[in-house]
Amino acid sequence: MEVKVKNVRKEFDKFPALHDVSLDIRSGELIALLGPSGSGKTTLLRLIAGLDFPTEGAIYFGEEDASKKSVQERNVGFVFQHYALFRHMTVLENVGFGLKVRTGKDKRPKKEIEARSRELLDFVQLKGFEKRYPNQLSGGQRQRVALARALAIEPKVLLLDEPFGALDAQVRKELRRWLREVHDSTGHTTVFVTHDQEEALELADRVVVMSQGRIEQVGVPDEIYDTPNSPTVYSFIGQSSRLPVSIERGQLYFAGHPLDLEAKGVADGDGQLFFRPHDVEVVEGGETAIVGTVATSRRTAGVRQVELEVRGVSEKVEIEIPVDHPAVAKSRIAFKPRRWSVFPADEDGV
């Protein structure tokens, strides 16, 4: 099922939570809505679900305007962060609940509901747990039950709001891989909300980065990480450092000296140079290098993370260097970015 969000605005007590948001979600796509708290990602998910309605604009399921339709009319499956399972019902009863409460032509026989529920418990690797209650399950198992319940109604669209947010790191990793496998085997159009960039980059076909009620960038994970289109996206996705620079005839200057780095497509004037800690090269010095004094140095797996104090820059600059580099406090390191992006100084980051 294709979903289209067209020029949607959402206000709460005249406060705009979403500003003229448009997004095309392809049929069978797994898409992540990624952003910090207050970015509008959960509001957008609730509008797609029918839990809220847009102040302006429209939401289409296929060619049909679903903007005023209820959750039931849209036939969406919803998985919440805190499971929302019924504590007084067994696992089997929880999975079948959405089918049990259907009426009219959609009502299913009891035996069919039970068969479908058992089939889904087997699918989510919980066969044998039918008679247990939610409080007898681990957090990861509860979330599997919640997903089975969402799938039971054969939804047109599957929506997940921070589905792994209440779980510990190891369980999150395991369930991320499992959710991707579930998606690939079912082919549902799936939209999930997360503030965890690693989760979004690992799971999604495309990532939608949101900030302050707007969509900043939409792209495949490699595009979002490697070629952020704004300081906001660069600052939010992965680790990065920023330096104030000036641009003259397409070349970058820092503290008055040239860096031998290009600034393609950016007008002359003040700018911001962004780069990632692992995208730098330590050099012996020279006029085109950036030089800093080591403030902290710590071992992280196979590299050393170093924070540098650079003259004229209020924020520390972080770079990665080889483990055997003789960096100590107050020593000086010269480096050059291997990959970088430049933006005008008046563009804001997160």
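Heavy-atom basis, side chains included; hydrogens, waters and symmetry copies ignored. All values reported here derive from a predicted model rather than from experimental measurement.
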Any side-chain donor near an acceptor of the partner, Arg298 and Gln305, under 3.5 Å: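 On atom types as modelled, these side chains do not qualify, holding no pair under 3.5 Å.
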
Polar contact flag, side-chain donor to acceptor under 3.5 angstrom, Glu307-Thr296: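 Indeed, the side chains of Glu307 and Thr296 share at least one donor-acceptor pair under 3.5 Å.
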
Test side-chain hydrogen bond (donor to acceptor under 3.5 Å, both in side chains) applied to Thr194 and Glu199, step by step: CA-CA 7 Å; Thr194 183; Glu199 193 165 274; 2.9 Å; yes

Trp340 vs Asp279, side chain to side chain contact (heavy atoms under 4.5 Å, CB included): CA-CA, chis, key distance, verdict: CA-CA 8 Å; Trp340 65 92; Asp279 282 334; over 6 Å; no

Glu202 vs Arg177, side chain to side chain contact (heavy atoms under 4.5 Å, CB included): CA-CA, chis, key distance, verdict: CA-CA 9 Å; Glu202 179 182 334; Arg177 290 192 293 268; 3.9 Å; yes

Quick one: does [X]'s side chain have a donor or acceptor within less than 3.5 Å of a partner on [Y]'s backbone?
X      : Y      : value
Asp205 : Leu30  : yes
Gln217 : Thr227 : yes
Glu248 : Tyr253 : no
Arg74  : Ser67  : yes
Glu114 : Lys111 : no

Spacing of OG1 belonging to Thr190 relative to CG belonging to Leu179, to within rounding of 0.5 Å: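 Here the interatomic distance stands at 7.0 Å.
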
Whether Tyr225 and His278 hold their rings parallel, tilted or perpendicular, with breakpoints at 30° and 60°: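 Aromatic pair Tyr225/His278 classed parallel.
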
Val245 vs Gln272, side chain to side chain contact (heavy atoms under 4.5 Å, CB included): CA-CA, chis, key distance, verdict: CA-CA 6 Å; Val245 294; Gln272 305 173 76; 5.8 Å; no

Lys316/Glu318 salt bridge by N-O under 4.0 Å criterion: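 No salt bridge links Glu318 with Lys316.
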
Note: Glu2-Arg26 ion pair, threshold 4.0 Å (strictly below):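 So Glu2 does not pair with Arg26 through a salt bridge.
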
Shared hydrophobic cluster for Met1 and Ile48 (ILVMFWY, side-chain gaps under 4.5 Å):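 Yes.
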
